[in-house]
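The structure appears below as structure tokens.
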Amino acid sequence: MTNVKHDADCDWASCVTPETLGYLWNQNGGGINLSILKSVMSFLPAFPSAPLPPPLPDIKTANEQIQISENPESSKIKGVLEQCLRIVEDYGSSNNRNWILCDVNLHAKLQGNAPRCGLVALSMAVEMAQRLSKQTAQPSVGSPTLIPYNDFESEMMALLKLAKLKKFTSKGEMFSAKNLGVLAKEFYGLDVRITDCGLDDISGIFNHLSEGNPILVPYDASANHAPCLENGNKSHWAVLTGIFCTFEDNDFNWEHLQEKATVTRLEVNGGKTSIFTLDNATNKLPENCIPSTLYLLARQPKSRHVGVWSWKELKESNANLVEYCPNKESSKDFVLPEGGLREGLCKKILYLKKK
């Protein structure tokens with residue numbers, strides 16, 4: 001092979017042609033020496049670098065605008081026992097009657113400034129439904145829309161993705177109890193029973209909660225998140241986790257219950273009464289509670305505080321969800337079910353339990 005003189009002014013890249021490579025191939029008996037090939041390749045211009053792939057999306061990107069904070073009115077809400085003591089004091093005929101406070105303690109989960117109260121309330125309900133078996137809630141296996149999650153925001157993103165895919169929601173809002181029930185079944189694998197008689201079934205509510213199972217209820221929320229009457233224009237979701245009540249008679253075996261409960265003894269208006277506080281709602285309790293003294297313990301996604309709400313007031317609030325008037329520009333594209341709130345939320349109750 002002829003020696004080649006390296007000349008800085010020579011365009012060596014133009015000399016490296018298919019004919020040149022063919023000549024080298026033939027001269028080397030059907031092969032090209034690696035050192036020769038390297039010499040030839042050194043004259044070739046460098047290929048442009050491939051562009052870097054775009055960075056993977058940060059799973060938290062979609063949630064950066066979600067600000068987690070509580071309404072200032074929330075700070076005025078008293079502790080559960082303090083709320084119960086106030087109720088006993090206000091109930092004048094409670095003398096010589098015993099009260100039961102039964103609840104399941106859950107982690108507070110807040111919706112922030114995103115309209116996702118139904119989704120967050122469902123997540124809290126799942127925690128309660130799983131509490132008995134001490135199992136962590138996971139998405140149902142086999143659905144291509146779901147991904148495993150390790151934190152609350154990842155869970156909400158996956159749940160919202162499914163809700164949007166099914167056209168249940170635009171930004172997280174849930175104005176249909178039926179659709180929320182579908183998510184509870186498909187995403188969490190829960191058993192769901194939806195009723196349309198409101199909170200009239202006291203026995204059913206009492207038994208479901210006393211067994212440690214959650215109830216999801218839509219209602220109108222006031223400034224401190226307690227039930228109010230706004231015809232559905234302040235609609236919100238809460239999960240019921242416990243009960244506080246007294247009974248028609250005192251023939252219940254209170255001595256036996258005392259072994260499991262923390263007892264707070266009181267003197268009210270010259271009479272004596274006691275509050276039996278149970279750590280969880282899995283005890284067999286009498287069913288003859290006095291409706292006017294029935295209070296429901298509720299958690300909702302705008303506050304870390306637990307509300308002790310009158311059954312009667314929550315029942316009336318749940319039954320007044322009949323209209324929706326968007327009060328913000330961002331809420332005008334919310335997804336409403338056929339028939340509006342009257343069909344989607346009014347008097348609707350979701351009874352959830354683990355299968």
Side-chain angles (χ1 to χ4, degrees), residues 100-111 116-163 166 168 174 176-197 199 201-218 237-244 260 278-285 287 296-301 306 314 318 345 348-355:
I100 282 183
L101 171 59
C102 190
D103 188 32
V104 174
N105 187 30
L106 301 178
H107 294 96
K109 297 180 180 180
L110 303 181
Q111 70 182 77
R116 53 179 185 169
C117 59
L119 302 182
V120 178
L122 174 58
S123 177
M124 288 192 285
V126 169
E127 180 186 341
M128 180 174 173
Q130 298 284 356
R131 184 64 61 87
L132 295 179
S133 59
K134 297 182 179 180
Q135 293 182 3
T136 302
Q138 293 290 339
S140 52
V141 177
S143 173
T145 63
L146 304 182
I147 58 173
Y149 52 84
N150 299 314
D151 58 76
F152 171 63
E153 286 302 332
S154 298
E155 174 190 353
M156 287 296 98
M157 286 184 66
L159 182 57
L160 178 59
K161 179 179 179 180
L162 177 60
K166 291 183 171 293
F168 289 167
M174 292 298 299
S176 168
K178 178 182 177 181
N179 291 346
L180 193 60
V182 170
L183 296 179
K185 289 179 181 179
E186 295 190 10
F187 192 82
Y188 294 107
L190 294 181
D191 180 68
V192 181
R193 180 170 63 92
I194 302 176
T195 64
D196 57 3
C197 60
L199 293 170
D201 185 11
I202 294 180
S203 177
I205 294 170
F206 189 93
N207 289 333
H208 195 78
L209 291 175
S210 66
E211 292 173 357
N213 296 307
I215 295 176
L216 282 173
V217 54
W237 281 95
V239 53
L240 305 183
T241 60
I243 53 178
F244 178 62
K260 304 178 182 179
L278 300 172
D279 291 335
N280 57 68
T282 58
N283 297 274
K284 184 63 177 177
L285 300 175
E287 299 181 10
L296 301 172
L297 277 71
R299 287 165 172 79
Q300 47 75 39
V306 180
L314 183 58
N318 170 257
L345 298 180
K348 301 296 191 296
I349 305 294
L350 284 78
Y351 294 81
L352 307 178
K353 63 188 302 183
K354 185 186 173 187
K355 289 182 179 180

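Side chains included, hydrogens not; waters and symmetry mates left out as well; all remaining heavy atoms used.
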The ring-ring contact (aromatic ring centres under 6.0 Å, His included) partners of Phe244 (sequence neighbours excluded) come to Trp99

Inset, instruction - Compare all side-chain heavy atoms of Met174 with those of Asn179 and state whether any distance is below 4.5 angstrom. - result: yes

**Prompt:** Below 4.5 Å, heavy atoms only, C-beta onward: do Val104 and Leu209 meet side chain to side chain?
**Reply:** no

**Item:** Validation row: Tyr351, Ile205 side chains within 4.5 angstrom (heavy atoms)
**Value:** yes

Contact check, side chains of Leu350 and Val217, non-hydrogen atoms, under 4.5 Å:
no

side-chain contact (heavy atoms from CB on, under 4.5 Å) test vs Leu240 passes for just one of Asp103, Leu314, Leu216, Leu297, namely Leu314

Note to self: Do Phe206 and Glu211 have side chains that approach each other closer than 4.5 Å (heavy atoms only, starting at C-beta)?
What the structure shows: no

Heavy-atom side-chain proximity of Lys354 to Asp191 below 4.5 angstrom
no

**Prompt:** Are Tyr188 and Leu159 close enough that some pair of their side-chain heavy atoms sits under 4.5 Å apart?
**Reply:** yes

Rounded to the nearest 0.5 angstrom, the CG-SG distance for Leu110 and Cys117 is 12.5 Å

Here the gap from Leu190 atom CG to Leu352 atom CG, rounded to the nearest 0.5 Å, amounts to 6.0 Å

Closest heavy-atom pair, Leu180 versus Gly118, reported as atoms and distance to 0.1 Å, is CD1-O, 3.8 Å

